[in-house]
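First comes the structure, then the notes that go with it.
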Amino acid sequence: AQKVTQAQTEISVVEKEDVTLDCVYETRDTTYYLFWYKQPPSGELVFLIRRNSFDEQNEISGRYSWNFQKSTSSFNFTITASQVVDSAVYFCALSENRDDKIIFGKGTRLHILP
Amino acid sequence: EPEVTQTPSHQVTQMGQEVILRCVPISNHLYFYWYRQILGQKVEFLVSFYNNEISEKSEIFDDQFSVERPDGSNFTLKIRSTKLEDSAMYFCASNLGGGGSYEQYFGPGTRLTVT
């Protein structure tokens, strides 16, 4: 069965600090997709990244980076030099190739303190 | 950039009333979805829809729920007799192809409040 675990319920860091959000997933499929979404206080879901299971290369996009490790079934997300605008709930999610639905983790609420 | 739109942004209804939440998916997309997020909780899959029929539904999607694509552009979620526990944010999504290889585009959500 599919499952996404985000063990960190809430994190607070001071602005400019780096912060890593953890994500561990479970799936029986060999082909699957992993996602991160940001949900700001306004409530919409903002797509950040999608990776497929065959691409274990780490990705960097500005201050954001993602570390995908199949050996530990993890897909962690790091924000470098955090800013107050990064304050939001971040969801890690999983989709298996055989169906369409996206399974979300419970989310990590990130507070960036000025 | 094309986007998924949802109306209304906020709907307040009394328990027992029927509500219809509306979505306009991206025009060339073929697969449509509804998700639900109870306040403070995770986003949960409700239903997927393709070729004018439901392709998958979750346990949450019971007989009180139905979906329809009444015309070439709208995709609706109907709740027949709302309960207090139906209060949530409802997200519509669409994508071009099936399977996880295509990105799902999410709408901004409709916040449903049942009183």
Separation between CD (E44(A)) and CZ (F106(B)), nearest 0.5 Å, reads 13.0 Å
Honestly, the part of Q104(B) sitting under 4.5 Å from a heavy atom of chain A is both
So, the part of Q39(A) with a heavy atom under 4.5 Å from chain B: the answer is side chain
Turns out that what part of Y50(B) lies under 4.5 Å from chain A's heavy atoms comes down to neither
Report task. Decide whether V4(A) and I11(A) are clustered together by the hydrophobic rule: side chain heavy atoms of Ile, Leu, Val, Met, Phe, Trp, Tyr closer than 4.5 Å, transitively. Result -> yes
### Message
Tell me whether Y33(A) contacts the main-chain N or O of E103(B) through its side chain, where contact means a donor paired with an acceptor under 3.5 Å.
### Response
no
**Asked** How about Q14(B): does its CD atom have over 12 heavy atoms from other parts shown lying under 6.0 Å from it?
**Response** no
Review point. Near E59(B) CD, under 6.0 Å, is it more than 12 heavy atoms from other residues, nucleotides or ligands?
Key: no
Is any side-chain heavy atom of F104(A) closer than 4.5 Å to a side-chain heavy atom of F45(B)?
-> no
(message) Atom CG of residue position L84(B) - does it have more than 12 heavy atoms of other residues, nucleotides or ligands inside 6.0 Å?
(response) yes
The interface call for Y32(A) against chain B, heavy-atom contacts under 4.5 Å, is neither
With chain A, the option among E56(B), M89(B), E44(B), R111(B) that has the most non-hydrogen atom pairs under 4.5 Å is E56(B)
Heavy-atom count check: over 12 atoms from other residues, nucleotides or ligands less than 6.0 Å from D63(B) CG? no
**OP:** Using the side-chain contact (heavy atoms from CB on, under 4.5 Å) rule, take Y35(B) and I102(A) through it: C-alpha gap first, then chi angles, then the decisive distance, then the call.
**Re:** CA-CA 9 Å; Y35(B) 292 81; I102(A) 295 178; 3.6 Å; yes
Looking at Y105(B) versus F47(A), is the centre-to-centre ring distance below 6.0 Å?
-> no
Got more than 12 heavy atoms from elsewhere within 6.0 Å of NZ, K16(A)? no
Would you kindly confirm whether V24(B) and Y31(B) end up in one hydrophobic cluster when ILVMFWY residues are joined by side chain heavy atoms under 4.5 Å apart?
no
Cut-off 4.5 Å, heavy atoms of chain A, and the answer for Q37(B) is side chain
When rounded to the nearest 0.5 Å, the distance separating NZ of K106(A) from CD of Q41(B) is 8.5 Å
Point to revise | Within one Ile-Leu-Val-Met-Phe-Trp-Tyr cluster: L110(A) and L113(A), side-chain cutoff 4.5 Å | key: no
_Are there over 12 heavy-atom neighbours, none belonging to R109(A), within less than 6.0 Å of that residue's CZ?_
no
What one should report as the nearest heavy-atom pair of F91(A) and K42(B) is CE2-CA, 3.9 Å
